[in-house]
Amino acid sequence: MDKNSVYRTNIIGAGEVGSAISVDMDKNSIHKTNSIFWDTKGNEIIGATALPFYGAFVSEEKCQLFGDVSGKKMLEIGCGTGHSLQYQGERNAAELWAVDISEKQIEKAAQHLKARGLSAKLICSPMEEECGLPADYFDFVYSVYAIGWTTDLDGTFSRIASYLKKDGVFIFSWSHPIHKCVAAENNTLAFKKCYFDESWYSVSLDDGEITLSDRKLSTYVNALAKAGFVIEQLIEESDDDLMQPQGGNSDFAKKAKMLPVTFVIKARKL
Ligand SMILES: C[S@@+](CC[C@H](N)C(=O)[O-])C[C@H]1O[C@@H](n2cnc3c(N)ncnc32)[C@H](O)[C@@H]1O
């Protein structure tokens, strides 16, 4: 996959959030807005973010969170175009499953995997809802830049725990919440948004629109604990080697030298 595409995820930073419009938390309308975005403009505007990259400047090649996945049953939440499923399939995972809210993304993932001789069970559904996934079945559930789209973090983590076997592993990445608060401007970093503000907002991106909320890191940690997970690793560091190709002097790279732009959590079901 195009290495540069992993950086585009982070165009949604404090600059865009600064021009956001507050909206009510209405699950159905949020799902409608976001699935239209991912059915139409999503990849053009945000690109794809897939393993071995967890997002900007963090890679599985360096972090080695999965270890050997051969023979393992894997479920991806918010699989998008299917590139991370390909990554796991090429590492000899026994079963590939995924859920995504967007019919178009599921279609792209199916085509992508078929062209590479891989098969996967792909389910079009919001991650928050019952969609026929088996309980106590998976060795790994993982998600690359998709968990933050959920309208119900506690419910989603509780569902994910139910899909995993005991001692199964859940790994996910998302935009670091501090990245959403701070913008690089004229060689300084400026706070644009309150870190504690988890309210929902809509942002226009080109011709598309998304609705999101920026949760605090503690909200993710506490929701994991509530769902019965123990955290084994939290990654906040950017990898210098990955910043170089983007040009060490871009506003984004300057920002990434001062604060985390991506976080990754590895947790285990107790
Ligand atoms: C930034 S993409 C990441 C996808 C994937 N890692 C890739 O490389 O394409 C986010 C994905 O989450 C999906 N998504 C958004 N809201 C969702 C929800 N509530 N339930 C399930 N999937 C959702 C989108 O359709 C999109 O495919």
Side-chain angles (χ1 to χ4, degrees), residues 1-13 16 25-56 58-60 74-89 96-113 116 120 122-133 140-157 159-160 163 171-175 179-180 200 202-203 205 208-213 215 261-264:
M1 102 169 286
D2 171 12
K3 233 181 166 184
N4 287 323
S5 69
V6 300
Y7 302 119
R8 277 186 280 151
T9 298
N10 297 280
I11 59 167
I12 308 171
E16 293 75 23
M25 208 311 268
D26 174 58
K27 186 179 87 170
N28 293 334
S29 76
I30 291 169
H31 282 171
K32 192 168 169 210
T33 303
N34 291 343
S35 54
I36 290 172
F37 179 79
W38 285 105
D39 277 345
T40 53
K41 293 273 159 191
N43 296 126
E44 261 169 60
I45 298 174
I46 296 189
T49 309
L51 292 172
F53 300 104
Y54 282 109
V58 186
S59 79
E60 167 63 8
M74 323 284 293
L75 166 65
E76 179 165 3
I77 306 291
C79 64
T81 51
H83 287 80
S84 297
L85 290 166
Q86 176 196 352
Y87 181 84
Q88 306 291 14
L96 302 174
W97 295 60
V99 56
D100 197 291
I101 199 171
S102 156
E103 273 174 31
K104 193 71 195 168
Q105 296 290 312
I106 290 282
E107 202 181 297
K108 283 185 185 173
Q111 279 168 6
H112 183 79
L113 295 169
R116 282 149 191 87
L122 304 175
I123 300 171
C124 187
S125 166
M127 65 181 93
E128 299 91 325
E129 290 174 12
E130 155 58 38
C131 58
L133 284 163
F140 287 92
V141 177
Y142 67 93
S143 181
V144 179
Y145 260 89
I147 283 294
W149 295 94
T150 183
T151 53
D152 173 11
L153 192 67
D154 285 353
T156 299
F157 281 178
R159 280 195 188 283
I160 288 170
Y163 306 142
I171 297 171
F172 73 94
S173 66
W174 186 247
S175 280
H179 162 56
K180 295 291 195 75
W200 287 81
S202 281
V203 184
L205 294 172
E209 186 189 352
I210 54 169
T211 302
L212 279 176
S213 136
R215 299 177 175 95
V261 292
T262 300
F263 75 93
V264 189

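Atoms within each ligand, like the ligands themselves, are counted from 1 in listed order. In this chain, numbering begins with 1 at the start of the sequence shown.
- Residues meeting the side-chain hydrogen bond (donor to acceptor under 3.5 Å, both in side chains) test with His112, sequence neighbours left out: Gln86, Arg116.
- Of all atoms in ligand 1, numbered sequentially from 1 with element shown, those under 4.0 Å from a heavy atom of Ala50 are 8 (O).
- Per-residue contacts place Thr49 under 4.0 angstrom from the following atoms of ligand 1 (heavy atoms of the residue considered): 5 (C), 6 (N), 7 (C), 8 (O).
- Of the N or O atoms in Asn34, none lie within a sub-3.5 Å distance of an N or O in ligand 1.
- When the options Tyr142, Tyr54, Tyr87, Tyr145 are ranked by their closest heavy atom to atom 10 (C) of ligand 1, first place goes to Tyr145.
- Of all the atoms in ligand 1, the ones that sit under 4.0 Å from a non-hydrogen atom of Ala146 are 12 (O).
- Taking CD1 of Ile77 as the reference point, atom CD1 of Ile101 lies at 12.5 Å (rounded to 0.5 Å).
- Interface atoms of ligand 1 facing His31, defined by a heavy-atom separation under 4.0 Å, are 19 (N).
- Among residues two or more places apart in sequence or in another chain, the side-chain hydrogen bond (donor to acceptor under 3.5 Å, both in side chains) test is passed with Thr40 by none.
- Rounding to the nearest 0.5 Å places OG1 of Thr211 at 11.0 Å from CE of Met25.
- Only the backbone of Cys79 comes within 4.0 Å of ligand 1, counting heavy atoms alone; no side-chain atom from C-beta on gets that close.
- The shortest heavy-atom distance from Val99 to ligand 1 is not under 4.0 Å.
- For ligand 1, the atoms sitting less than 4.0 Å from at least one non-hydrogen atom of Met127 are 17 (C), 18 (C), 20 (N), 21 (C), numbered in the order shown with element in parentheses.
- In Glu128, the part holding a heavy atom less than 4.0 Å from any atom of ligand 1 is the side chain.
- A donor-acceptor contact shorter than 3.5 Å is absent between the side chain of Asp100 and the backbone of Ile106.
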- [ ] Before giving the answer on side chain to side chain donor-acceptor pair (under 3.5 Å), spell out for Ser202 and Glu209 the whole-Å C-alpha distance, their side-chain angles and the decisive distance to 0.1 Å.
- [x] CA-CA 7 Å; Ser202 281; Glu209 186 189 352; 3.3 Å; yes
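- A donor-acceptor pair is defined here as one N or O able to donate and one able to accept, closer than 3.5 Å; such a pair exists between the side chain of Ser84 and the backbone of Leu51.
- Each of the following atoms of ligand 1 lies closer than 4.0 Å to a heavy atom of Ile101: 14 (N), 15 (C), 16 (N), 17 (C), 18 (C), 19 (N), 20 (N), 21 (C), 22 (N), 23 (C), 25 (O).
- Which parts of ligand 1 touch Gln105 is read off a 4.0 Å heavy-atom cut-off, strictly below it: atoms 25 (O), 27 (O).
- The closest non-hydrogen atom to atom 27 (O) of ligand 1, taken over Leu212, Thr33, Val144, Asp100, comes from Asp100.
- With hydrogens and angles disregarded, no donor-acceptor distance shorter than 3.5 Å links the side chain of Thr49 to the backbone of Gly55.
- Residue Ser125 places a heavy atom less than 4.0 Å from ligand 1.
- Between Phe157 and Phe172, the ring center distance clears the sub-6.0 Å criterion.
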